[in-house]
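I have placed the structure first, in the form of structure tokens, so that the comments after it can refer back to it.
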Amino acid sequence: MQNISDKGLRLIANNYQGLKKLNITRCVKLTDDGLQEVLQKCSSLESLNLYALSSFTDKVYKEMGSLTNLTFLDLCGAQNLTDDGLACISRCGDLTYLNLTWCVRVTDVGVLAIAQGCRSLELLSLFGVVGVTDACLEALSKSCSRSLTTLNVNGCIGIKRRSRDDLLQLFPLLSCFKVHS
């Protein structure tokens with residue numbers, strides 16, 4: 001699977017337009033062009049796993065905003081994801097699982113957009129994202145305190161209210177504070 005190329009993604013895009021789940025974890029040969037074709041043609045995707053893929057850019061992240069059925073999105077290690085890309089992803093209003101671990105260019109701006117657009121989040125990992133502060137937690141608390149059960153802010157040095165008690169005040173349903181992917 002890890003040897004799949006853009007050509008393989010093109011075959012998927014053209015032959016499986018009803019695709020619900022796509023897991024291309026560690027498929028490092030892929031580029032924006034191949035994934036973009038899948039995102040455009042397989043618009044009913046519900047689950048997208050791009051774990052450990054650092055080469056994609058906002059070109060594809062912005063395209064994700066049109067996936068209205070998306071509930072699961074793993075972007076762990078998406079080093080080129082910016083707040084602009086995240087703002088587009090925030091249009092996926094049914095997201096319940098969002099892994100932004102090591103998305104090092106993300107700041108409060110992008111997470112605020114997620115807070116406003118994705119009000120059903122159950123899992124959010126911001127592990128290692130140093131550009132976020134308490135402000136994003138306040139915003140998430142207003143929109144997701146009734147749904148969020150897993151929140152990982154370990155390594156988020158800009159967030160000062162990181163103790164278990166602090167987080168439980170903002171998100172009373174939290175039962176998990178670490179995400180092991």
Side-chain angles (χ1 to χ4, degrees), residues 1-6 8-9 12-13 19-40 42 45-67 70-92 94-115 117-118 121-133 136-137 140 144 148-159 162 167 176-181:
M1 177 71 179
Q2 289 176 352
N3 286 322
I4 192 171
S5 66
D6 284 347
L9 278 190
I12 291 170
L19 194 68
K20 301 281 187 217
K21 293 184 176 182
L22 181 64
N23 184 346
I24 49 174
T25 292
R26 293 195 170 92
C27 294
V28 293
K29 292 182 176 179
L30 301 175
T31 71
D32 281 351
D33 294 337
L35 184 54
Q36 194 164 25
E37 203 159 337
V38 170
L39 298 178
Q40 286 166 350
C42 304
L45 275 170
E46 296 168 4
S47 173
L48 190 53
N49 193 335
L50 309 181
Y51 183 88
L53 294 177
S54 59
S55 61
F56 293 126
T57 72
D58 273 350
K59 184 175 168 185
V60 291
Y61 300 128
K62 287 179 177 178
E63 198 76 49
M64 288 175 193
S66 59
L67 299 175
L70 203 63
T71 59
F72 179 103
L73 183 58
D74 194 328
L75 296 175
C76 176
Q79 294 174 9
N80 298 316
L81 173 66
T82 71
D83 291 331
D84 289 343
L86 208 47
C88 293
I89 289 169
S90 75
R91 295 200 304 263
C92 302
D94 290 338
L95 270 184
T96 57
Y97 181 109
L98 182 59
N99 186 356
L100 298 174
T101 296
W102 295 120
C103 292
V104 291
R105 296 178 68 184
V106 166
T107 72
D108 281 344
V109 175
V111 181
L112 289 173
I114 290 294
C118 306
L121 280 180
E122 295 167 17
L123 178 146
L124 176 64
S125 177
L126 297 169
F127 181 93
V129 180
V130 296
V132 292
T133 70
C136 81
L137 289 190
L140 285 163
C144 300
L148 213 56
T149 57
T150 300
L151 176 66
N152 192 344
V153 291
N154 290 303
C156 299
I157 54 173
I159 293 177
R162 275 188 287 162
L167 294 175
C176 184
F177 299 84
K178 281 189 176 153
V179 179
H180 298 289
S181 343

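Remember, it's a predicted structure, so these values are computed and weren't measured experimentally.
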If you define the side chain from C-beta out and look only at heavy atoms, does anything of [X] sit under 4.5 Å from [Y]?
X    : Y    : answer
I12  : I4   : yes
Y61  : I89  : yes
L148 : E122 : no
L53  : L75  : no
L137 : L167 : yes
L81  : L86  : yes
L123 : T149 : no
V104 : V130 : no

Taking atom [atom1] of [X] and atom [atom2] of [Y], what is their separation to the nearest 0.5 Å?
X    : Y    : atom1 : atom2 : result
I114 : C118 : CD1   : SG    : 4.0 Å
T25  : N49  : OG1   : CG    : 3.5 Å
F177 : N154 : CZ    : CG    : 10.5 Å
W102 : S54  : CH2   : OG    : 13.5 Å
C27  : I24  : SG    : CD1   : 6.0 Å
C103 : Q79  : SG    : CD    : 9.0 Å

Positive for side chain to side chain contact (heavy atoms under 4.5 Å, CB included) with L39, one of L22, L45, L70, L9: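 Among the candidates, only L45 passes.
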L151, T96, L95, T150 screened by side chain to side chain contact (heavy atoms under 4.5 Å, CB included) with L121, the one that passes: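 Among the candidates, only L95 passes.
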T101 side chain to N99 side chain, donor-acceptor N/O pair below 3.5 angstrom: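 Yes, N99 and T101 have a side-chain donor paired with an acceptor closer than 3.5 Å.
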Residue pair D94 / T71, side-chain donor-acceptor N/O under 3.5 Å: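 No donor-acceptor contact under 3.5 Å links the two side chains.
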Trace of the side chain to side chain contact (heavy atoms under 4.5 Å, CB included) decision for L50 with M64: CA-CA 12 Å; L50 309 181; M64 288 175 193; 3.3 Å; yes
Return the minimal non-hydrogen interatomic distance between [X] and [Y], and the atom names on each side.
X    : Y    : answer
A87  : A113 : CA-CB, 3.9 Å
L112 : C136 : CD2-CA, 4.2 Å
G128 : C156 : N-SG, 4.3 Å
C42  : A13  : SG-CA, 4.0 Å

Whether Y97 and F72 hold their rings parallel, tilted or perpendicular, with breakpoints at 30° and 60°: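 If you compare the ring of Y97 with that of F72, the planes turn out parallel.
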Heavy-atom donor-acceptor pair, N80 side chain to T57 backbone, under 3.5 Å: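 Answer holds: no.
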Expected output: side-chain D6 to main-chain L35 donor-acceptor under 3.5 Å: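 Not at all, since once roles are kept as given, no pair shorter than 3.5 Å links the two residues.
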Pair listing, salt bridge (charged side-chain N to carboxylate O under 4.0 Å, His left out) test, anchored in residues 23-37, at least two apart: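 Residue pairs with at least one partner in residues 23-37: R10-E37, D33-K59, E37-K41.
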With S66 via side chain to side chain contact (heavy atoms under 4.5 Å, CB included) - residues at least two apart: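 Side chain to side chain contact (heavy atoms under 4.5 Å, CB included) check on S66 returns E63.
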